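Written below as structure tokens is the structure these notes are about.
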Amino acid sequence: MVPDFPEGGVLYMDPDLEPRSGDYVLAVTDTGGVTFKRLIQDGGQTFLRPLNPVYTVQRVADLKTYGVLRRLVVTRDFKR
């Protein structure tokens with residue numbers, strides 16, 4: 001994941017929150033898979049923006065989500 005989400009971080013998702021533009025969501029893809037992306041709502045249209053800018057923004061006709069990101073916990077191992 002990109003620097004906002006360091007390796008080893010734990011994401012806590014809230015399935016009861018209504019997603020809003022700018023939220024990070026677990027969304028169901030058109031093929032039935034699940035993806036973690038940023039929700040963008042603009043001009044009456046809905047998009048999912050990937051964390052990695054190499055990938056393209058996806059337009060979504062019917063958004064289905066499993067949850068909205070509520071908390072990121074970052075842990076570090078300290079070596080002796």
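All heavy atoms count here, side chains included; hydrogens, waters and symmetry mates do not. Just so we're clear, the structure is a prediction, and the values are computed from it rather than from any experiment.
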Identify all side-chain donor-acceptor contacts of residues 9-18 below 3.5 Å with residues at least two apart in sequence or on another chain.
unit_1 : atom_1 : unit_2 : atom_2 : d
D14    : OD1    : D16    : N      : 2.8

With a cut-off of 3.5 Å and sequence neighbours excluded, list every side-chain donor-acceptor pair involving residues 62-71.
unit_1 : atom_1 : unit_2 : atom_2 : d
D62    : OD2    : K64    : NZ     : 3.3

Check side chain to side chain contact (heavy atoms under 4.5 Å, CB included) between R20 and all other residues, then give those that pass, not counting sequence neighbours.
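Residues passing side chain to side chain contact (heavy atoms under 4.5 Å, CB included) with R20: D23.
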Evaluation steps, side chain to side chain contact (heavy atoms under 4.5 Å, CB included), between V60 and L39:
CA-CA 10 Å; V60 179; L39 175 65; over 6 Å; no
Taking side-chain hydrogen bond (donor to acceptor under 3.5 Å, both in side chains) as the test, write out the residues that go with T31, two or more places apart.
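Once residues adjacent in sequence are excluded, the partners of T31 under the side-chain hydrogen bond (donor to acceptor under 3.5 Å, both in side chains) criterion are T29.
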Of all the heavy-atom pairs spanning L48 and A27, show the shortest one and how long it is.
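Nearest pair, atom of L48 first, then A27: CD1-CB, 3.8 Å.
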Taking all heavy atoms of P53 and all of L51, pick out the closest pair and write down the distance.
CD-O, 3.4 Å
Quick check: is V34 connected to V25 through a chain of hydrophobic side chains (ILVMFWY, heavy atoms under 4.5 Å apart)?
no
Residue pairs meeting salt bridge (charged side-chain N to carboxylate O under 4.0 Å, His left out), one or both in residues 36-52, sequence neighbours left out, come to none
Under a side-chain separation threshold of 4.5 Å, the hydrophobic residues clustered together with I40 are F47, V57
